[in-house]
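Take a look at the structure below.
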Amino acid sequence: MAEPRPRVWVSQPLFDDIVARLAAHFEVRAASAVAAYAPADIARALADADGALVTLNERIGADEIAGASRLRAIANVGVGYNNLDIDALSAAGVLATNTPDVLTETTADLGFALLMAAARRIGESERWLRAGRWRQWSFSTLLGADIHGSTLGILGMGRIGQAIARRGAHGFGMRVVYHNRRPLPGEAEAALGATWLEFERLLAEADHLVLVLPYSAATHHIVDAAALARMKPTATLVNIARGGIVDELALAEALAAGRLAAAGLDVFEGEPAVRPELLALDNVVLTPHIGSASLATRRAMVALAVDNLIAALGAGPHAGRPPSPVNADAVAETLGTRDRKR
Ligand code: GLV
């Protein structure tokens, strides 16, 4: 009898023509409508699955995979993977993959769009115009901060941080300063025109500060009331990373009190819920986690996640070598230990 085909679960409707590639190798169970899953729903969906294609909205940890004895791979459609408990997956021998590179430039574009919208008060200007207030115009109406020639601060200098640095340095003649756990090599800094600073100095010197660092216990609320207090009152803060990096209540207080000029936020700690304190403010531009949301990039992300899942489950031309694994070493260690115990 032929071996049964591996089963995969696709958690949300993605692009049908791309997801269809899975059917050449697997038995596919795909959500037909957008769904918000409770942990028990995810556990049920994974219980008989060999692999899964999931989005950032699905949180998967030890409890969700406890009954998933066949599970070998989870392909996340996103570069960040804080929705996955990587330690729990590794300990269970489950490979996680993500979608780096394909979204770098699109996400950097959005970061720059938010920076410009916040600094030049675009959202507020539009609301003002639509409210029929133009006749109240004066020469000092809706004055913002310049972007060209100012100091761009970047917290987190990975691929997206570097793409933002290029836009700032080469497109807008900005002085670029950054903080990262490890400074970039000298040639990379020279090519970007970027200078490493201590975190405190970065906060103090940036006219516009963009957050692009991964979210973890170590970066939770790293931008808190004390950090905000170090920033210039004329500064702009942009967050395109993860909401939990910023203490949003402290941010709302700083914006309301004029201790920070403006903010642009694409990510929120409790998303899709957004704090009423932020919604009430005029000097914050809010977007619903659309960093990678161009058609071409979202398609490229799904294509990469599909490639990852096919390869991670040992099928296709790259069987066993998914393009972007997250925890390959830890999984190899778990599987090696299991083999030795047999
Ligand atoms: C988006 O936030 C991603 O991590 O891909």
Side-chain angles (χ1 to χ4, degrees), residues 10-15 18-19 34 36-37 52-61 73-86 89 95-115 154-164 167 180 210-223 237-246 248 263-274 278 285-309 312 322-327:
V10 181
S11 65
Q12 302 285 348
L14 298 166
F15 296 103
I18 305 174
V19 172
V34 175
Y37 296 100
L53 194 71
V54 302
T55 72
L56 305 180
N57 293 332
E58 284 73 67
R59 304 192 70 83
I60 302 177
I74 296 204
N76 214 34
V77 188
V79 65
Y81 44 84
N82 59 299
N83 55 312
L84 306 179
D85 180 338
I86 295 298
L89 295 184
L95 187 76
T97 64
N98 69 341
T99 60
D101 298 316
V102 290
L103 48 59
T104 299
E105 299 299 329
T106 298
T107 307
D109 284 350
L110 194 271
F112 232 87
L114 278 181
L115 188 165
I154 300 175
L155 183 57
M157 200 52 141
R159 288 169 278 234
I160 299 171
Q162 292 177 43
I164 289 170
R167 283 160 176 73
N180 204 41
V210 184
L211 310 179
V212 219
L213 68 173
Y215 179 62
S216 68
T219 60
H220 177 75
H221 285 193
I222 192 170
V223 180
L237 178 74
V238 171
N239 189 3
I240 55 167
R242 288 293 181 267
I245 290 169
V246 177
E248 291 172 343
L265 307 175
D266 187 46
V267 287
F268 303 88
E269 191 161 8
E271 62 187 55
V274 178
L278 289 171
V285 181
L286 307 165
T287 50
H289 206 144
I290 56 168
S292 64
S294 74
L295 176 60
T297 291
R298 284 282 166 90
R299 285 183 62 83
M301 290 165 70
V302 175
L304 178 52
V306 164
D307 288 345
N308 272 320
L309 191 57
S324 40
V326 166
N327 58 343

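Every number for a ligand or one of its atoms is a count from 1 in the order of the listing. Index from 1, following the sequence. Below, each value reflects all heavy atoms present in this structure, side chains not excepted, and no hydrogens, waters or symmetry copies. Remember, it's a predicted structure, so these values are computed and weren't measured experimentally.
- Looking at Asn82 and Ser216, their side chains never come closer than 4.5 Å, going by heavy atoms from C-beta outward.
- When side chains are defined from C-beta on, Ile240 does not count as touching Val267, because their heavy atoms never get closer than 4.5 Å.
- Listed for the Asn76 side chain is no donor-acceptor partner under 3.5 Å among the backbone atoms of Thr97.
- Judged by distance alone, with hydrogens and angles left aside, the side-chain atoms of Thr297 form no donor-acceptor pair with the main-chain N or O of Leu103 at under 3.5 Å.
- Residues lining ligand 1 at a heavy-atom distance below 4.0 Å are given as Leu56, Gly78, Val79, Gly80, Leu103, Arg242, His289, ordered by chain and residue number.
- Taking Asp109 as the reference, Arg167 meet the salt bridge (charged side-chain N to carboxylate O under 4.0 Å, His left out) condition, with sequence neighbours excluded.
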Practice task
Show your working on side chain to side chain contact (heavy atoms under 4.5 Å, CB included) between Val306 and Phe15 and close with a plain yes or no.
Solution key: CA-CA 11 Å; Val306 164; Phe15 296 103; over 6 Å; no
